[in-house]
There are 2 protein chains.
Amino acid sequence: MASLTKIIEDHITQLFQEAEEEVVALRRKDLAELFGCVPSQINYVLRSRFTPERGFLVDSQRGGHGYIRILRLAFRFPEDRVNHIEDLVGETLSEAEAKRLLLNLQHRQMITGRERLLIEVALRYQEEVARSLFDLSPYRRDVMNAELLKRMLRSLVLS
Amino acid sequence: MASLTKIIEDHITQLFQEAEEEVVALRRKDLAELFGCVPSQINYVLRSRFTPERGFLVDSQRGGHGYIRILRLAFRFPEDRVNHIEDLVGETLSEAEAKRLLLNLQHRQMITGRERLLIEVALRYQEEVARSLFDLSPYRRDVMNAELLKRMLRSLVLS
DNA sequence: TAGAATGACGCTCAGGGATTTTCAGGGGGT
DNA sequence: ACCCCCTGAAAATCCCTGAGCGTCATTCTA
């Protein structure tokens, strides 16, 4: 039993595949009517699924002849992807945030499941050592997590 | 007398065998009801049994249409050419030895080039932190290297 | 023909229902 | 005494709705 959000997400993803374009345009109220829901449900889908973290930008216009355009970001040069990674990770990152980020990267096929597994094992071990052996504060652990994660992801993107 | 945790663990393992899939999806509250326990018992089973170190990743979502998905990502090698990882690595391992070992594993197609890269980056970062930040002796660094390496390899190839 | 009114959109936000997660603690075996 | 199980209440998170508001193009009006 898939959620309505998931169904609409898949539908939009399908539009990208069919069009083979980097941009998809749609009308919010038509889409809502197509799936028999209130229009604001579309906003929820966009806000939760087509985010910058997942490589999308959304712009829209209200009023008569209003529209919603979804732009899929493409990184043509490896260094762009590296910069993107740096932004996503940032200077500090909790374990929970790291998990979510890694799942996104796997979903975007930037890493495989096994690679995610390796990264999580490394992060967990570092976390464990930093906590129980060196008694580091949560903040300093998050900084180390971010640094290790960035190094590992950089190595993959550049390979 | 098998514990409830063990029973639930076996049940999930059974699901993997039946489906012959790398992913099993379930609803926590249904599983809890099936075994007549509180839902949080499922969390305990997952936390203690289906860990990254054992080759599993767990993704979940709360709220309506919530779910729990368990991914099994370790290669299944029936032969025991893999079971000697503990011996291969041992209690202590220098960086040079680690590199040789990893290259060997890659040549035997047990890990990919990207996976080897990932492991080497993690080892190097740990080495760096242990040396310049915590001023650990070479011996203790090698012990930590060995432990991290074993965990990462076990997660990939555990039987 | 400039400015006001209108109609047709999209956006925000609070809230409710449905799950899962967390966490402190109790019980039992070795 | 310790570690593993197991429980239950509180917190967090997710989906979805609906009312109210903002904004744009078009049409009307003086």
What is the distance from [atom1] of [X] to [atom2] of [N], rounded to the nearest Å?
| X | N | atom1 | atom2 | answer |
| --- | --- | --- | --- | --- |
| Glu33(B) | dT19(C) | CD | C1' | 14 Å |
| Lys29(A) | dG18(D) | NZ | P | 17 Å |
| Tyr67(A) | dC9(C) | OH | C1' | 12 Å |
| Lys99(A) | dT13(D) | NZ | P | 15 Å |
| Arg27(A) | dA8(C) | CZ | P | 12 Å |
| Glu95(A) | dT22(C) | CD | C1' | 14 Å |
| Ile68(A) | dT12(C) | CD1 | P | 10 Å |
| Leu31(A) | dC9(C) | CG | C1' | 14 Å |

Going by heavy atoms closer than 4.0 Å, what residues in residues 124-138 of chain A are next to DNA chain D? none
4.5 Å side-chain heavy-atom contact, Thr51(B) and Arg124(A): yes
So do Asp10(B) and Lys6(B) actually touch side chain to side chain, heavy atoms under 4.5 Å? yes
Tell me, yes or no, whether the heavy-atom count around Arg140(B) atom CZ, taken from other residues, nucleotides or ligands under 6.0 Å, exceeds 12. no
Which atoms of nucleotides 20-23 of chain D (N or O only) lie under 3.5 Å from a protein N or O atom, and what are those distances?
{"from": "dG22(D)", "atom 1": "O4'", "to": "Arg62(A)", "atom 2": "NH1", "distance (Å)": "2.9"}
{"from": "dG22(D)", "atom 1": "N3", "to": "Arg62(A)", "atom 2": "NH1", "distance (Å)": "3.4"}
{"from": "dT23(D)", "atom 1": "O2", "to": "Gly63(A)", "atom 2": "N", "distance (Å)": "3.2"}

Under 4.5 Å side-chain linkage, directly or through intermediates, the cluster mates of [X]:
| X | result |
| --- | --- |
| Leu31(B) | Leu4(B), Ile7(B), Ile8(B), Ile12(B), Leu15(B), Phe16(B), Val24(B), Leu26(B), Leu34(B), Phe35(B), Ile42(B), Val45(B), Leu46(B), Phe50(B), Phe56(B), Val58(B), Ile68(B), Ile70(B) |
| Tyr139(B) | Val143(B) |
| Leu117(B) | none |

Taking only side-chain N and O atoms of Ser60(A), does any of them lie within less than 4.0 angstrom of OP1 or OP2 on dC11(C)? yes
Check whether any side-chain nitrogen or oxygen of Arg49(B) sits under 4.0 Å from OP1 or OP2 of dC4(D), and answer yes or no. no
Separation of Leu149(A) CG from Glu120(A) CD (nearest 0.5 Å): 10.0 Å
Do Glu127(B) and Asn145(B) have side-chain N/O donor and acceptor atoms under 3.5 Å apart? yes
Tell me the closest heavy-atom pair linking Ala122(B) and Met152(A), and the distance in Å. CB-SD, 4.2 Å
Side-chain donor/acceptor of Lys99(B) to backbone N/O of Ser94(B), under 3.5 Å: no
Please name the residue in the list Asn83(A), Val82(A), Asp80(A), Ile111(A) that meets the side-chain contact (heavy atoms from CB on, under 4.5 Å) test with Val157(A). Val82(A)
Distances for protein N or O near nucleotides 6-10 of chain D N or O, under 3.5 Å:
{"from": "dC6(D)", "atom 1": "OP1", "to": "Leu4(B)", "atom 2": "N", "distance (Å)": "2.8"}
{"from": "dC6(D)", "atom 1": "OP2", "to": "Thr5(B)", "atom 2": "N", "distance (Å)": "2.6"}
{"from": "dC6(D)", "atom 1": "OP2", "to": "Thr5(B)", "atom 2": "OG1", "distance (Å)": "2.5"}
{"from": "dC6(D)", "atom 1": "OP2", "to": "Gln41(B)", "atom 2": "NE2", "distance (Å)": "2.9"}
{"from": "dG8(D)", "atom 1": "N7", "to": "Ser40(B)", "atom 2": "OG", "distance (Å)": "3.3"}
{"from": "dG8(D)", "atom 1": "O6", "to": "Ser40(B)", "atom 2": "OG", "distance (Å)": "2.7"}

